[in-house]
Amino acid sequence: MQASYDVVIVGGAAIGSSIACHLTAEAGTAPSVLVVERDPSYARSSTALSFASIRTQFSNALNVRISQYGAEVIRDFATTMAVGADRPDLGFQAGGYLFLARTEEQVRILRENNAVQRACGADVVLWDPGTLFAAFPHLRGDDIRLASYGRAGEGWFDNTGLMNGFRNKARAQGATYIRDEVTGLDHAGGRITAVRLASGAVIAAGHVVNAAGPRAAQVARMAGLDLPVEPRKRTVFVVDCQHGPEGSATVNGGRLPLMIDPSGVFCRPEGRYFLCGCPPTEDPAVDPGDFEPRDAEFEEIIWPALAERSEAFEAMKVVNRWAGHYAYNTLDHNMIIGPHPAMPNFLFANGFSGHGLQQSPAVGRAMAELILHGGYRTLDLSPLGVERILENRPFLEQAVI
């Protein structure tokens, strides 16, 4: 480890490693990069505990394009992230997303969102109930009025594979990773000057990137700055169905999509099982060390909604479950990216509210552009910058799960 680095990244999961990978991509001109990670097992990272999926079905064109780029990166990952003979295969499952609407308001949102998605070139179609139930015969419900189905560029993949691919490529390109914890940030004259570590080391830094996930606000406070990001718990249940419906679809080779029920309950196939979850009825901030699953959500919310939606889900049992954390942006549930105007060499990549894994490719590229070139060169993410937080100006997105 050196005494100083051009860029120090706080947090080495999917976001931090994507940034490190993109920063070090240009051999000979790349900055020196240090990634500080408190737990290199990543066992409790938001990356490892996520639903590991990607969609283009957003209401804001910028979020659509962010995911379109992410889908391109995932598609070509084995080639672009190859290190020697290692070609990381993310096992992408192109199952698509299926949003169901039963109220007038839900129908209106799906129609408005679809117009945005189609204008961006996303392959998303709207189906009436007849078309929906013909495509997915296991579903039922006279309450459904409209469905939105992604036919391409949506699905799920190996979450830790994505993170490890970025990390291994970054290290091969010269990035340094250490196991340590940032405990302080030295700053003077409106700039971060050094990073203090739990080991006692003090590392001088040209830029510091906050990629600390649910702990992002703690890191921001080390520089005297406020960030509206807090850990929010989400429980994922793995269930086994007595008569599983996977393979019963009449589209997409029989594969079922990731379905979002009008109740907010969502599920997708995972081999012979299904993963499912729901937005919690009460959603307080939790301690960063609290990973106790909310078991009642399955019996009280998830199972009743799924059993109503399909006979195949009437007989199901939980075979595993875990709780992870959203790095929840309390202002508008969208990412906060870019430098703080009061401290231009302190950059944020935080508050993804459950979308970080799928948005990590675009965030890594964007952050590298900011640091290396002083501005965005491909996709302009300035509407997602820190300024909107300071001005209490939400970035509106209707398709938040």
For this session: Side-chain contact test, heavy atoms from C-beta onward, threshold under 4.5 Å: evaluate it for Gln218 versus Pro288 and give yes or no.
Result: yes

Exercise. Centroid-to-centroid, Phe313 to Phe274, below 6.0 Å?
Worked result: yes

Exercise. Between Phe348 and His340, what is the ring plane arrangement, given parallel below 30°, perpendicular above 60°, and tilted in between?
Worked result: tilted

Problem set entry | Partner set under ring-ring contact (aromatic ring centres under 6.0 Å, His included) for Tyr149, not counting sequence neighbours | Trp127, Phe136

For this session: Please check if the side chain of Thr47 supplies one atom and the backbone of Ala14 the other of a donor-acceptor pair under 3.5 Å.
Result: yes

Exercise. Can you say whether the rings of His22 and Tyr69 are parallel (under 30°), tilted (30 to 60°) or perpendicular (over 60°)?
Worked result: tilted

Seminar exercise, completed: Contacts satisfying side-chain hydrogen bond (donor to acceptor under 3.5 Å, both in side chains) that involve residues 257-278 (not counting sequence neighbours) are Asp240-Arg272, Asp261-Ser263, Asp261-Arg309, Arg268-Glu270

Exercise. Counting distance only, does the side-chain N/O of Gln106 pair as donor-acceptor with the main-chain N or O of Pro262 below 3.5 Å?
Worked result: yes

Problem set entry | pair Ile336-Pro228: side-chain heavy atoms closer than 4.5 Å | yes

Problem set entry | Residues that Tyr42 engages under ring-ring contact (aromatic ring centres under 6.0 Å, His included), provided they are two or more places apart | none

For this session: Decide yes or no for Ser53 and Tyr97: does some side-chain heavy atom of the first lie under 4.5 Å from some side-chain heavy atom of the second?
Result: yes

Exercise. For Glu72, does the CD atom sit with more than 12 other heavy atoms under 6.0 Å from it, leaving out its own atoms?
Worked result: yes

Seminar exercise, completed: Across all chains, not counting sequence neighbours, the ring-ring contact (aromatic ring centres under 6.0 Å, His included) partners of Phe51 are Phe266

Problem set entry | Residue pairs passing the side-chain hydrogen bond (donor to acceptor under 3.5 Å, both in side chains) test where at least one lies in residues 282-291, sequence neighbours excluded | Arg232-Asp283, Lys233-Asp290, Arg234-Asp283

Exercise. Quick one: salt bridge (Lys or Arg N to Asp or Glu O under 4.0 Å) pairs with a partner in residues 127-141, sequence neighbours left out?
Worked result: Arg140-Glu314

Exercise. Any idea which heavy atoms bring Ala101 and Leu110 closest together, and the distance?
Worked result: CB-CD1, 3.6 Å

Exercise. Any donor and acceptor pair, going by atom type alone, linking the side chain of Glu37 with main-chain N or O of Asp39 inside 3.5 Å?
Worked result: yes

Problem set entry | Those residues that, when tested against Tyr328, pass ring-ring contact (aromatic ring centres under 6.0 Å, His included) (two or more places apart) | His333

For this session: Answer yes or no: is there a donor N or O on one side and an acceptor on the other, between the side chain of Asp180 and the main chain of Ser199, under 3.5 Å?
Result: yes

Problem set entry | Those residues that, when tested against Glu112, pass side-chain hydrogen bond (donor to acceptor under 3.5 Å, both in side chains) (two or more places apart) | Arg108

Exercise. Are side-chain heavy atoms of Phe58 and Thr56 found at a separation under 4.5 Å?
Worked result: no

Problem set entry | salt bridge (Lys or Arg N to Asp or Glu O under 4.0 Å) pairs, two or more places apart, involving residues 320-339 | Asp295-Arg321, Asp332-Arg388

For this session: Would you indicate whether Arg393, at its atom CZ, is surrounded by more than 12 heavy atoms from other residues, nucleotides or ligands within a distance under 6.0 Å?
Result: yes

For this session: Hey, could you give me each pair passing salt bridge (Lys or Arg N to Asp or Glu O under 4.0 Å) that has a residue in residues 83-103? Not counting sequence neighbours.
Result: Arg102-Asp143

Exercise. With Gln68, which residues qualify under side-chain hydrogen bond (donor to acceptor under 3.5 Å, both in side chains), at least two apart?
Worked result: none

For this session: Compute the centroid of each ring, for Tyr5 and then for His207, and state whether the two points are separated by less than 6.0 Å.
Result: no

Exercise. OG1/Thr183 to CE/Met222 distance, rounded to the nearest 0.5 angstrom?
Worked result: 6.5 Å

Exercise. Sequence neighbours excluded, which residues qualify as side-chain contact (heavy atoms from CB on, under 4.5 Å) partners of Glu104?
Worked result: Arg145

